[in-house]
Amino acid sequence: MSLDWKQQTIIVTGAYGGLGKELCYSLNKLGANLIITGRDGDKLQQLKQNLTNSTIVVGDVNSQEFITELLALTINKKSKGHILINNAGVSSAAFLSEQSRDDIKAQLDINLLAPIMLSKFLMPWLKAAQSGKIINVGSTFGAIGYPGFSLYSASKFGLRGFSQALNRELADTSVSVQYLAPRAIATSINSDKVNELNRKLKNSVDKPEHIVPQIIAAIEKNKSEKFFGFPEKLFAKINALFPSVVSNAINKEHETIKQILSK
Ligand SMILES: NC(=O)c1ccc[n+]([C@@H]2O[C@H](COP(=O)([O-])OP(=O)(O)OC[C@H]3O[C@@H](n4cnc5c(N)ncnc54)[C@H](OP(=O)(O)O)[C@@H]3O)[C@@H](O)[C@H]2O)c1
């Protein structure tokens, strides 16, 4: 059954990022009421100019002030459906020996801790609607631990576990949790080195406008977990059952990964 998007109030974190912006445009076209968030007020203003029904909240997803401001705003933003899209994210591709303490902390704080805190503190608002949804934007690397992405993988594996457990915890409520995992997307989260790696390894890289309709379809179907892109979604399954098969395949790429990421 398709969602009545015009009856949804949707918080989007990382709203002016590559994927976030495209999500906002599409959700806006569907008639949703958006709360767009991010750290840069000017970029949010620019985005708002292209949307018909949106409110801005500026802040860092890891700050309590940001959550407090969202709580104050959402008290007056009631509709039939309430959705939180945890989309903000960072990735510092490098071997662990090259990751700084700040890089390590940022990836875990932004990709994992922030969605957990936002889910917790916005839960009363999510429960106040006829239906509430938490959409956690994951990654193929939340199912396949990949060299050079140990922190990013840790954060997305964690987000996936959190999503699954919380969804089951909320089974007797009107709130559901979905973990939606794209493969590589052409956005600025990927450094030049990662782009070079993707080219060299012939990894498919989706355009945001290609993946967003699939994300929206998965939200409508209320899929608790979905991996996008073939063969990546097959590798995710094989890795769960036979990780050594995937290790053997990845080991063949090891030298290339090392060369590019350590440049
Ligand atoms: N691109 C890919 O290859 C890919 C693949 C699979 C999954 N994903 C996931 O897709 C999501 C969106 O990423 P993207 O590809 O659109 O990357 P992006 O273009 O870099 O956008 C990320 C967004 O997150 C925001 N953000 C980062 N740290 C923040 C913080 N502390 N507080 C508030 N906002 C913060 C960024 O804002 P600032 O500009 O202010 O930092 C930016 O708007 C992420 O969860 C990512 O892990 C991406």
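Keep in mind that this is a model prediction, so the values were computed, not measured. Ligands are counted one by one from 1 in listed order, and the atoms in each one are counted from 1 as well.
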Any N/O pair [X]/ligand 1 closer than 3.5 Å:
X      : result
Ala184 : no
Lys43  : no
Val90  : no
Ile110 : no
Asn190 : yes
Ile185 : yes
Ala15  : no
Gly18  : yes
Asp60  : yes
Lys156 : yes

Which is closest to [atom] in terms of heavy atoms, [options]?
atom                    : options               : value
atom 9 (C) of ligand 1  : Leu23, Asp109, Val137 : Val137
atom 39 (O) of ligand 1 : Tyr16, Phe228, Phe66  : Tyr16
atom 1 (N) of ligand 1  : Leu44, Thr187, Val194 : Thr187

Checklist entry - In terms of side-chain heavy atoms, does Asn86 have a donor or acceptor partner in Asn136 at a distance below 3.5 Å? => result yes

Next on the checklist: Under a 3.5 Å threshold, yes or no: a donor from one side chain and an acceptor from the other, between Ser174 and Lys127?
Outcome noted: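 There is no such pair between these side chains.
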
Checklist entry - For Asp40, does its backbone N or O pair with a side-chain atom of Tyr16 as donor and acceptor, under 3.5 Å? => result yes

Quick one: look up the protein heavy atom nearest [atom] and list residue, atom name and how far away it is.
atom                    : value
atom 43 (O) of ligand 1 : Gly17 N, 3.2 Å
atom 22 (C) of ligand 1 : Gly89 O, 3.6 Å
atom 12 (C) of ligand 1 : Asn87 OD1, 3.1 Å
atom 41 (O) of ligand 1 : Arg39 NH2, 2.5 Å
atom 20 (O) of ligand 1 : Ile189 N, 3.4 Å
atom 7 (C) of ligand 1  : Gly138 O, 3.1 Å

List ligand 1 atoms under 4.0 Å from [X], heavy atoms only on the residue side.
X      : value
Gly14  : 23 (C), 24 (O), 25 (C), 43 (O)
Arg183 : 5 (C), 6 (C)
Gly59  : 33 (C)

Checklist entry - Does the protein put a heavy atom under 4.0 Å from atom 36 (C) of ligand 1? => result no

Checklist entry - Should Val205 and Ile185 count as side-chain neighbours, where that means a heavy-atom distance under 4.5 Å? => result no

Next on the checklist: For a side-chain hydrogen bond (donor to acceptor under 3.5 Å, both in side chains) check, start with the C-alpha distance between Asn33 and Lys6, then their side-chain angles and the critical distance, and finish with the verdict.
Outcome noted: CA-CA 7 Å; Asn33 176 8; Lys6 293 191 178 74; over 6 Å; no

